[in-house]
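Okay, so here's the structure we're looking at.
Sequence lines set the chain letters: A, B, ... in the order given, protein chains first and strands last, and positions in each chain run from 1. Everything numeric here is computed off the predicted structure, so don't read it as measured data. These values consider heavy atoms only, across backbone and side chains, with no hydrogens, waters or symmetry-generated copies.
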Number of protein chains: 2
Amino acid sequence: MDTKQRILDEALTLFSEKGYANVFVADIAKRVGIKAPSLYKHYKNKQAIFDAIIEEMNRRFLEEAGALQISGDDAVADAEIYKHISEEQLITLGKDLFLYFLHDDYTRRFRKMLTIEQFHDKKLAAAYMKQYVDDPLSYQGMLLGLMASAGVLQTENVEIMTLHFYAPIYMLLTICDREPEREEEALKTMEAHIRQFNKLYARDEKPSQDNKKRLRRNTK
Amino acid sequence: MDTKQRILDEALTLFSEKGYANVFVADIAKRVGIKAPSLYKHYKNKQAIFDAIIEEMNRRFLEEAGALQISGDDAVADAEIYKHISEEQLITLGKDLFLYFLHDDYTRRFRKMLTIEQFHDKKLAAAYMKQYVDDPLSYQGMLLGLMASAGVLQTENVEIMTLHFYAPIYMLLTICDREPEREEEALKTMEAHIRQFNKLYARDEKPSQDNKKRLRRNTK
DNA sequence: GTCTATAAGAAGATAGAC
DNA sequence: GTCTATCTTCTTATAGAC
């Protein structure tokens, strides 16, 4: 990796651990293996390093969203798959999302940095919201919506069902960001959560009154 | 309010908006209406102000927990109440908790400050977790557990049911902390969430297979 | 591109008058 | 307890040699 990129990488690590103001240009330089003044040959000043990190983050987030959208479109095309999704697959879906968010090195450091810096700049708060709240809700809402259409899940309100699926995952994620030693416990809770979610929303063999209503409506 | 307390108050406001490192002693002094050097007659240094805030926070949190514990004990004594709790009361319970967390001036500023500073100090992360994750889960777990015992709600796993109740509230809270203009939307979502929660967990008139099992177990 | 030396300025903290 | 003046330290950033 070239020096210019290594500066971003080390700066991101430090910013995500201590916050922008508590990281000195000399700290970044030291980790890169150069002296502070050398760093100014690569970036105009400290703020420019931060800005470059945010730019890279936005680029990566966009790429990711694009990738999700594509598999999203595939999902629509292959809606058949979702008619027969099993509880185990639903658990895998949740766990994969969770572990990706938790362990992907970039996404983890970006998230921590955004968490620390969010109140300094409205744009950073917005970026956090989009990446960890609105986009996941929208993407998973689409998946769960497909399952509902396919009759695997049943609900009168896909939005709330999606909230019930994702909010516990989000909460467990913020727990692990703060106390990584609780990860194992969190994964177990996550699995229990999804099993329960599946039980609550899966189509009953014996439909209750509400379910009957819904089934009648669906057959129109 | 005396100067010593006003310093804490103004410092908390600033720390919660900009973070410790971005607030200068002169900023705090200015808001109090004195000059920076005068401030050193009240506190040894900047860190001492921060420490005093954390101390006050811990004191208030303990008081609160004590108060909750007392009403908790009352709740156990008056478990009868929870046998006949209505959906509207459940919504009120959730909304009240949410609006208290969101609007109580101290709790809001403490939470924002903890959010910003949590990665600087493990103790702050722990304080956040206790106040906004573990304690609410434990307190609400007790309430919902009572309702389950009373037969108003039914579940095989009170812990996960509590997660399903609280995680959406927690998520909506973090949304409103970052984007206060979404509060109205969040309150509507919250109400829909609790209605759905109630539908999912309320005892059916016609129990499903699982419910029959549970009812048999309960009559032992 | 990297270094040493150093300027420039910001922020925390103290001294001492009132 | 509050002020003005000032010290000290730390940090960013630049100058200029190699």
Side-chain angles (χ1 to χ4, degrees), chain A residues 1-57 109 112-114 116-121 123-124, chain B residues 1-57 109-110 112-121 123-124:
Chain A
M1 209 191 305
D2 63 345
T3 306
K4 189 152 184 165
Q5 185 58 35
R6 287 208 52 219
I7 292 169
L8 289 193
D9 197 55
E10 298 295 351
L12 173 57
T13 300
L14 288 168
F15 289 158
S16 72
E17 285 168 359
K18 317 211 263 175
Y20 180 83
N22 298 299
V23 173
F24 312 134
V25 176
D27 298 338
I28 303 169
K30 189 168 193 178
R31 289 183 67 121
V32 174
I34 58 179
K35 298 287 180 181
S38 310
L39 198 142
Y40 288 85
K41 297 286 178 186
H42 301 279
Y43 294 94
K44 201 185 106 211
N45 55 29
K46 186 181 169 186
Q47 185 63 42
I49 299 172
F50 185 81
D51 294 344
I53 289 173
I54 295 296
E55 210 178 314
E56 188 187 1
M57 183 189 75
R109 286 182 289 165
K112 281 186 147 193
M113 193 179 79
L114 285 181
I116 298 177
E117 301 298 335
Q118 62 184 321
F119 296 120
H120 299 170
D121 183 348
K123 273 183 291 187
L124 300 183
Chain B
M1 210 192 300
D2 64 346
T3 306
K4 188 152 184 163
Q5 185 57 38
R6 286 209 55 220
I7 291 170
L8 289 194
D9 197 55
E10 298 294 349
L12 173 57
T13 300
L14 287 168
F15 289 157
S16 72
E17 284 168 359
K18 316 210 262 177
Y20 180 82
N22 299 297
V23 173
F24 313 134
V25 176
D27 297 339
I28 303 169
K30 190 168 191 179
R31 289 184 66 124
V32 175
I34 58 179
K35 299 289 180 182
S38 309
L39 199 144
Y40 288 85
K41 297 285 178 188
H42 301 279
Y43 294 94
K44 197 186 109 213
N45 54 27
K46 188 181 170 186
Q47 185 62 43
I49 298 171
F50 185 82
D51 294 344
I53 290 174
I54 296 296
E55 208 178 318
E56 188 187 3
M57 182 189 76
R109 285 183 289 165
F110 283 145
K112 283 185 145 195
M113 194 179 79
L114 284 182
T115 300
I116 298 178
E117 303 297 336
Q118 61 184 324
F119 296 122
H120 298 170
D121 184 347
K123 272 183 291 187
L124 300 183

Which heavy atom of B:Ile53 sits nearest a heavy atom of B:Leu8, and at what distance?
-> CD1-O, 3.8 Å
At a 4.0 Å cut-off to heavy atoms of chain A, the contacted part of DNA chain C spans C:dT2 to C:dA5
What are the two closest heavy atoms between A:Leu12 and A:Met113, and how far apart are they?
-> CD1-SD, 3.9 Å
List in numerical order all residues of residues 37-46 of chain B for which some heavy atom is under 4.0 Å away from an atom belonging to DNA chain D.
-> B:Pro37, B:Ser38, B:Lys41, B:His42
Using heavy atoms and a sub-4.0 Å distance, could you list which residues of residues 4-31 of chain A are near DNA chain D? By number, please.
-> A:Val23, A:Phe24, A:Val25
For B:Ile28 and B:Ile49, work out which heavy atoms get closest and say how close.
-> CD1-CD1, 4.4 Å
Applied to residues 28-49 of chain B, the ring pair (Phe, Tyr, Trp, His ring centres under 6.0 Å) test, sequence neighbours excluded, yields none
Which pairs with one or both residues in residues 17-38 of chain A pass salt bridge (charged side-chain N to carboxylate O under 4.0 Å, His left out), sequence neighbours excluded?
-> A:Glu10-A:Arg31
What residues, two or more places apart in sequence or in another chain, satisfy side-chain hydrogen bond (donor to acceptor under 3.5 Å, both in side chains) together with A:Ser16?
-> none
For B:Glu55, all residues meeting side-chain contact (heavy atoms from CB on, under 4.5 Å), sequence neighbours excluded = none
Among all residues two or more places apart in sequence or in another chain, which pass the side-chain hydrogen bond (donor to acceptor under 3.5 Å, both in side chains) test with A:Asp9?
-> A:Tyr106, A:Arg109
Does anything in residues 38-54 of chain B pair up under salt bridge (charged side-chain N to carboxylate O under 4.0 Å, His left out), and if so which pairs, sequence neighbours excluded?
-> none
side-chain hydrogen bond (donor to acceptor under 3.5 Å, both in side chains) with B:Tyr20: which residues, sequence neighbours excluded?
-> B:Gln47
